[in-house]
Amino acid sequence: QPAVTDQYVALPSYRVGPYAAGGSGFYGGIIDYFNLVNLSGGVNGVKISWEECETEYNPSRGVECYERLKTKNGGATLVEPLSTGVAYGVLDRLPTDKIPMTMIGYGRSDAANGKVFPYVFPLITSYWNQAAAMIKYLGDKNGGMDKLKGKKIAYLYHDSAFGKEPLPVLDALSKQHGFDLIKIPVTPPGTEQQSQWLQIRQANPDHVILWGWGSMNAVAIKTAQRNGIPREKILGVWWAGSEEDTVPAGDAAKGYSAMTFNTPGNYPVMDEIHKKLYDAGKGNLADRTRIGSVYHMRGVSAAILWVEAMRTAQEKFGKGKPVNGEQMRWGLEHLNVDEARQKAIGAFGMLPPVKTSCDDHEGSGAVKVQQWDGKKWNAVTPNWIVGDKALTRKLLEESSAAYAAEKKITPACAK
Amino acid sequence: MNVNFFFEVLIGGLLSGVMYALVAIGFVLIYKASGVFNFAQGAMVFFAALTCVGIVDKFGVPLWVAIPLTIVVMILLGIAIERVVLRPLVNQPEITLFMATIGLAFFIEGLAQLMWGSQVHKLELPIEDVPSEYLMNKFNILVSQFDIMAAAVCGLLVTALALLFSRTKVGRALRAVADDHQAALAVGIPLQRIWAVLWAVAGLVALVAGLLWGARNGVQFALTFVALKALPVLILGGFTSMPGAIVGGLIIGASEKLAEVYIGPLVGGGIEGWFPYVLALMFLLVRPEGLFGEKIIRRI
Amino acid sequence: MQMNEPDTHFGADADPDRRKIGPVILDLKNISLSFGGVKALTDISFDVKQHEIRAIIGPNGAGKSSMLNVINGVYRPQLGEIIYRGEHRKNMDCHAAAKSGIARTFQNIALFKGMTVLDNIMTGRNLKMKSNFLMQALYWGPARREEIAHRVKAEEIIDFLEIQAIRKTPVGRLPYGLQKRVELGRALAAEPEILLLDEPMAGMNVEEKQDMCRFILDVNDQFGTTIVLIEHDMGVVMDISDRVVVLDYGKKIGDGTPDDIRCNQDVINAYLGKACE
Amino acid sequence: MLYREAGQFKTSYQADSQIFPILQDRIALFALLMVAIVVVPLFASPYTLSAILIPFLIFSLAALGLNILTGYAGQLSLGTAAFMAVGAFAAYNFLARLPGLPVLLAFVLGGLSAALVGIAFGLPSLRIRGFYLAASTLATQFFVVWCLTKIPYLTNYSSSGVITAQKIVILGYQFDTPDRKYLLVLGVVAVMALLAKNMIRSNVGRSWMAVRDMDVAAEVIGFRLMRTKLLAFAVSSFYCGVAGALYAYAYLGTVEPEAYNLDLSFRILFMVIIGGVGSVLGSFLGAAFIVLLPVFLNIFAHSLSLPTSVASNLELMVFGALIIFFLIVEPHGLARLWQIGKEKLRLWPFPH
Amino acid sequence: MTTAASTAAAPAAAPYLSVNNVEVIYDHVILVLKGVSLQVPQGKIVALLGANGAGKSTTLKTISTLLRGERGDVTKGEVQFKGERIDQLTPNELVRRGLSQVMEGRHCFGHLTIEENLLTGAYTRSASRAELKESLEKVYHYFPRLRERRSSQAGYTSGGEQQMCAIGRALMAKPSMILLDEPSMGIAPQIVDEIFGIVKDLNSKENVSFLLAEQNTSIALRYADFGYILENGRVVMEGAASELASNEDVKEFYLGVSGAGRKSFRDMKFYRRRKRWLA
Ligand SMILES: Nc1ncnc2c1ncn2[C@@H]1O[C@H](COP(=O)(O)OP(=O)(O)OP(=O)(O)O)[C@@H](O)[C@H]1O
Ligand SMILES: Nc1ncnc2c1ncn2[C@@H]1O[C@H](COP(=O)(O)OP(=O)(O)OP(=O)(O)O)[C@@H](O)[C@H]1O
Ligand SMILES: [Mg+2]
Ligand SMILES: [Mg+2]
């Protein structure tokens, strides 16, 4: 067998179907950053290679893609499906295959517990921390958490595992802070939401949390406008906070805000991608206007963390040669992308500082709020917001313990 | 219970129903004229809308130039579908044709995204989707002016197509085709030509639906899903009736909204996904061919 | 496949004396049936005796097929009464009729187009099958024995009707005439007491009609099966039937032996067209 | 090697009503089974086993279930995935709540639960026909998935409604590696396919086909429409339910109700149509086609080194075009093509 | 379009319709026609006879190009109508050129009323309302039963009524050549006579040519000028109708009369083994 010279990453991606817009931006960002790293010689001289496989966001095709990609090029050392269904489908296979998977901003929140899920990395932030941060933000906006008492918050959600994931956190916080949580589900794909928004109008809440995905978001914003609900009241989840969600809503989206774990803006690394790749015709996105869009930047951020993990792992296991899956896992578990490191990469402030450990595969939990001005997203919170982490930690312990019991796993840190 | 709110829900529902009907009309058109249950109608709606905004975005022409261009594209598409898909499948069982249209749906979806990319677009029609001031002030009822226009367009389309079917020789021929392809050919009905025209017309109906839905929800892949909303409308109204599409739309729209608002909270909400189907099913149990559908002849 | 003599398997012990016309087995009284405004049958009464061949004739749209449909429960008459084997019924229900030994063929062939000839004939035996679907799924023991036993019966019918060569052909592909024959086979498979035949010889040439007549007569002879027959070929009707009912516009205009009918002026006017020689 | 049946005389009807009356076919089938049981687990890569063969077998089973309903009994259904979901979630619940329950029994119970649901949703078929029925089966699809997301009991109160399939242990033997899972699935599928074939060649099967081809005539002959149709729904749902359980247990592992969405229903329907409506073999061929085609297209598109989004869209178009192409070439599906091939082979070297 | 009634002047050379050595395969494997050739001269009635499954319907469908919809392929041979090849044309074009077919098994449009069925028959004609009315009247005159049932859906009419409807529908196109597939099937005897009367009528008055596949051999040969006998996908005998009618074999197998005159159906004691012209 020829010696492996590349650092090979498996990308079960999706570029067709209902979620194609998000998929193409995200994977485009990843590939752009990889290309950029390779242009400058790779990670300590190790080139990154990758292979894509179309999953159509479909679990069974995703699993097939994973199985196909994982053995290529001497074995995949990292995988990122950007789909909850696919991620669940491969979750059980990871420890046997010894391939770490990141779930950047989606999937099971309790997977941040590295003792139970050694190969799963919900990097940067999870749904639970996001939900907690949202409430924190709303509290701050009202002038303190105590001001939330008696307020009404409508929770409009994608009626699926994704939309139900934050409910334990929201329920706990509503009890704790005394606000009313009005839960309104939207049946996927959510192309019609008239009745939901009428209900919201009827309830007249102080805030609306929009926990949507895909086409549901634009429809929500449009329907809000049609029903005369100020967009300023609406706060979206980060899967409802991209250009793909606001552009189709047109003017209706002006004033709408959403969570994000990237600060919108310009960064040296993005400039480089622009210059070195797109100007040379090597960019991955077909449409140049999408460079630096939310999904694109999210992809770049994911790739940055991976490359940092490679670097970290190489430092331990030997510079200048690719690491295997187990070593990559170690790298991901010992990430420390602090501000200094971000500056060096040219992405200072683009994402929150990330520091992982065996206990905390998430590494941050910090988010920002951004607002759409009709043309682009602008950050409205200067600092990263972190919600009630004690609460989410408690939930995390409980839930992962239950999983461990069900699966007969003895929680322990991997060596 | 707040009466005003009730009426808002009701009216909102009725108008949503009209939007469903708009898509359902395309189905009825094809079904009534060829016995084909055209699953690609949703894809055609998407294709039409995306082509239209794609032309606007790519070539920077105004909408009123893009629309005629799209019409040409839709006509060509209709002709191509007849030529490539339907002609070789004449006289095949309904289910075969149905499956072919599913294949067609995939093809069209792929084609649309290949031509215009997978990103989402906005589509601004001259009429804005905001509550009508007049109705707000006069009756204190919230109705989007956009919806009112959509309703008018839909009414117009249905009337025109219903007249086509009931008053013309072509209409009669189309119904004959739906009954028996072979016999229709034998009496000299130019099946091929008629189908090409018909699919072109269905393409235009899809364009209208696509523009209205696109302006409402943005032009994106999810437009293909509106077909799912149109199905209960279709079975309730009857596959073969134009007016049925409208009446079915109104019933489905209104009742699904009322159910979501008044029953939904009791059972955890999100019942809009299945409620219309169950409702339509109830109607079907009483009238197995929908409210206005042609009676299915079962005889030996 | 060996060539068998025409009537080996299928009841070789033909006994000419068995063909005795018995008592009335089916009595129809004052049947009226209408569809919306269309009166298909108006106040029709006639009877069918055991073992006889009873023909129903009449112009197109007279109500002949509707009459058969009433007898085996496809249509429910608005008025009237059916007495079958001494039991009074307002109307039949399909399943009960089949169960009590009424089988039939249809004017517009109603075979199961996607199935083979053999399977079609086997469906005729369904009422005689006892094993449940679980046993059939296992295809073991009694279920298997039963299946084979019925298969033997079906093969006898296939031999009898001389359709061995096509037993594995899907019926949809057969020419019209053969389909008619298969349909007769399916009805025979039920070993019926009364066989209702709706234009069994349409679309056949003389030779084939002769075959068909032979089959019908044999069935009637050997098993004493009562036969109710609709046919437009007067040669056939006059030759093989014992008694004939004539319908016209849903009304009965004649009833009697072929010879009576041939010379009945009403019947000549309405249907036959030419006077008896 | 000649494919001839000349010289093979049947001396009994029993021999003639065998599943494979021709000797060569029996040999081929036996060889195939041997390969599947012995050779494949030895030589196939884990990828082939766990990403191709396992889903292929599971989908074949589901397609077989749908084929019983749609192909044999003539009731077009778009709610297959819902029955699969019922099977999976029921099996999960039985296992979670009755510790010590044998896994295979749990699958059977899952299948039975699906059968019950199938009967309930099959009731309208007594009145509604054709596409009206097909469209109404979507009610099943949406309603079942809705129930699974809404009723926490069904997901054992998992907060996000996701279930994690328990380990498969049969008589103390763990089925955790791809080859073991493969053998388990193969066993289940082979047995169920045999049962299906038996049903189809006996009276139940004929009753289904009769109802499919002409329900009025079937009634006149003495079949009970209600019993026949509901039995078809029950058996079909049972098959789908077991397939759904296998899908969760032997393939995906962790599943959300959304995994059993309309998309899946359609994929199963494709398998049936492409493979051959009303053919057991067709269910397998169709499943193979639908599982393998995207893989081939994907690999092929990659070898052309097109930009990925172009490749993905082309893939979709080719998929659609191929469906149409197959329907045009042979509306009765791959199974029929296979049969025509065999018939030609039988006549070979003569053209007719 | 009424052509001159004088048929005598027409040149006997070029046949109006000719089928040359046609071979047809169903479903890629079932060979049904094995080289069938036949001619229909202008203004003549030609009968196509043969047992069940001989391939009569298939021949007619080949001519009217309706075979494609039934997965049949013409693998050899050609069909000419009025001197032009027609095997690649659409059925619609054929009807336009004056060739109509009455299909076997009725094939009425079940959801259309009888009258609508008839009107669709005139689809290819650009006739005025009055002309249509006149044609309708003509059909109703031929088949009074249809007039009574004019407004019921064809799917609910009796078998014979549907058959009349199918024939009437073909007449509505005013064709110059009609392919009739078993027109007498399921029709009461006096109407059968009537139908053949109509055939003769159209033939002599309007010079319409006919190719008719018919099982009722005696009546077919009585009205036809010429006949072909098909067995197993081959033409085994052809000749003037009168010639055929007096042929011993034809008499025995198609007319049911043997030496001693017509035999009663009841007296057929043995199943008859069909004599084949070809082994
Ligand atoms: N669609 C089809 N597929 C396969 N075989 C067919 C098909 N249609 C007809 N055949 C076969 O072709 C042969 C000729 O059939 P055709 O219908 O032409 O006979 P026919 O002479 O009209 O007989 P009939 O007098 O019974 O109508 C038959 O053996 C029949 O089985
Ligand atoms: N289901 C029905 N609905 C409406 N009308 C019907 C129905 N069935 C039969 N009819 C009408 O009743 C009359 C009698 O029909 P039937 O089929 O019994 O005639 P028939 O004597 O069998 O004629 P044929 O010899 O033409 O077959 C016809 O005029 C027919 O149109
Ligand atoms: Mg009749
Ligand atoms: Mg024929």
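Owing to the predicted nature of the structure, the values given are computational and were not obtained by experimental measurement. Numbered from 1 within each chain, the chains take letters A, B, ... in sequence-line order.
Under a 4.0 Å N-O distance rule, the pair C:R125/C:E191 qualifies as a salt bridge.
When the candidates C:G172, C:C94, C:A187, C:A143 are compared by the number of heavy-atom contacts under 4.5 Å with chain D, C:C94 comes out ahead. The residue among D:L195, D:V204, D:N203 with the most heavy atom pairs within less than 4.5 Å of chain C is D:N203. No other option in C:A97, C:A190, C:A98 has as many heavy-atom pairs under 4.5 Å with chain D as C:A98.
For D:R127, the CZ atom is densely surrounded, since the number of other residues' heavy atoms within 6.0 Å is greater than 12. Summarising the local packing, CZ of C:F35 is surrounded by more than 12 heavy atoms from other residues, nucleotides or ligands at distances under 6.0 Å.
For C:F215 and C:F160, the distance between ring centers is under 6.0 angstrom.
With hydrogens and angles left out, the side-chain atoms of C:S32 and C:Q78 include no donor and acceptor closer than 3.5 Å. Between the side chains of C:E147 and D:S202, no donor-acceptor pair of N or O atoms lies under 3.5 Å.
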key: Check against side chain to side chain contact (heavy atoms under 4.5 Å, CB included), D:S283 and D:M271   = CA-CA 6 Å; D:S283 314; D:M271 295 173 193; over 6 Å; no
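Within the 4.5 angstrom heavy-atom criterion, only side-chain atoms of C:N72, from C-beta onward, approach chain D. Heavy atoms closer than 4.5 Å to chain D are found in the side chain of C:R186, but not in its backbone. Looking at C:I109, only its backbone comes within 4.5 Å of chain D, counting heavy atoms on both sides. Contact of C:M129 with chain D is made through the side chain alone, with heavy-atom distances under 4.5 Å. Proximity to chain D involves both the backbone and the side chain of C:L138, based on heavy atoms less than 4.5 angstrom apart. Heavy-atom distances place the side chain of D:L231, and not its backbone, under 4.5 Å from chain C. Neither the backbone nor the side chain of D:V211 comes within contact range of chain C, judged by heavy atoms closer than 4.5 Å.
The one candidate from C:K113, C:Q179, C:M115 that meets the side chain to side chain contact (heavy atoms under 4.5 Å, CB included) condition with C:N120 is C:M115.
Here the closest non-hydrogen pair linking C:T226 and C:Q50 is OG1-CA, 3.6 Å.
Atoms CD1 and CD1, on C:I56 and C:I71 in that order, are 5.5 Å from each other to the nearest 0.5 Å.
Sorted by first and then second residue, the salt bridge (charged side-chain N to carboxylate O under 4.0 Å, His left out) pairs involving residues 90-112 of chain C (not counting sequence neighbours) are C:R104-C:D198.
Taking non-hydrogen atoms and a 4.5 Å limit, the residue list of residues 212-224 of chain D in contact with chain C, ordered by number, reads D:R212, D:D213, D:M214, D:A217, D:A218, D:E219, D:V220, D:I221, D:G222, D:F223, D:R224.
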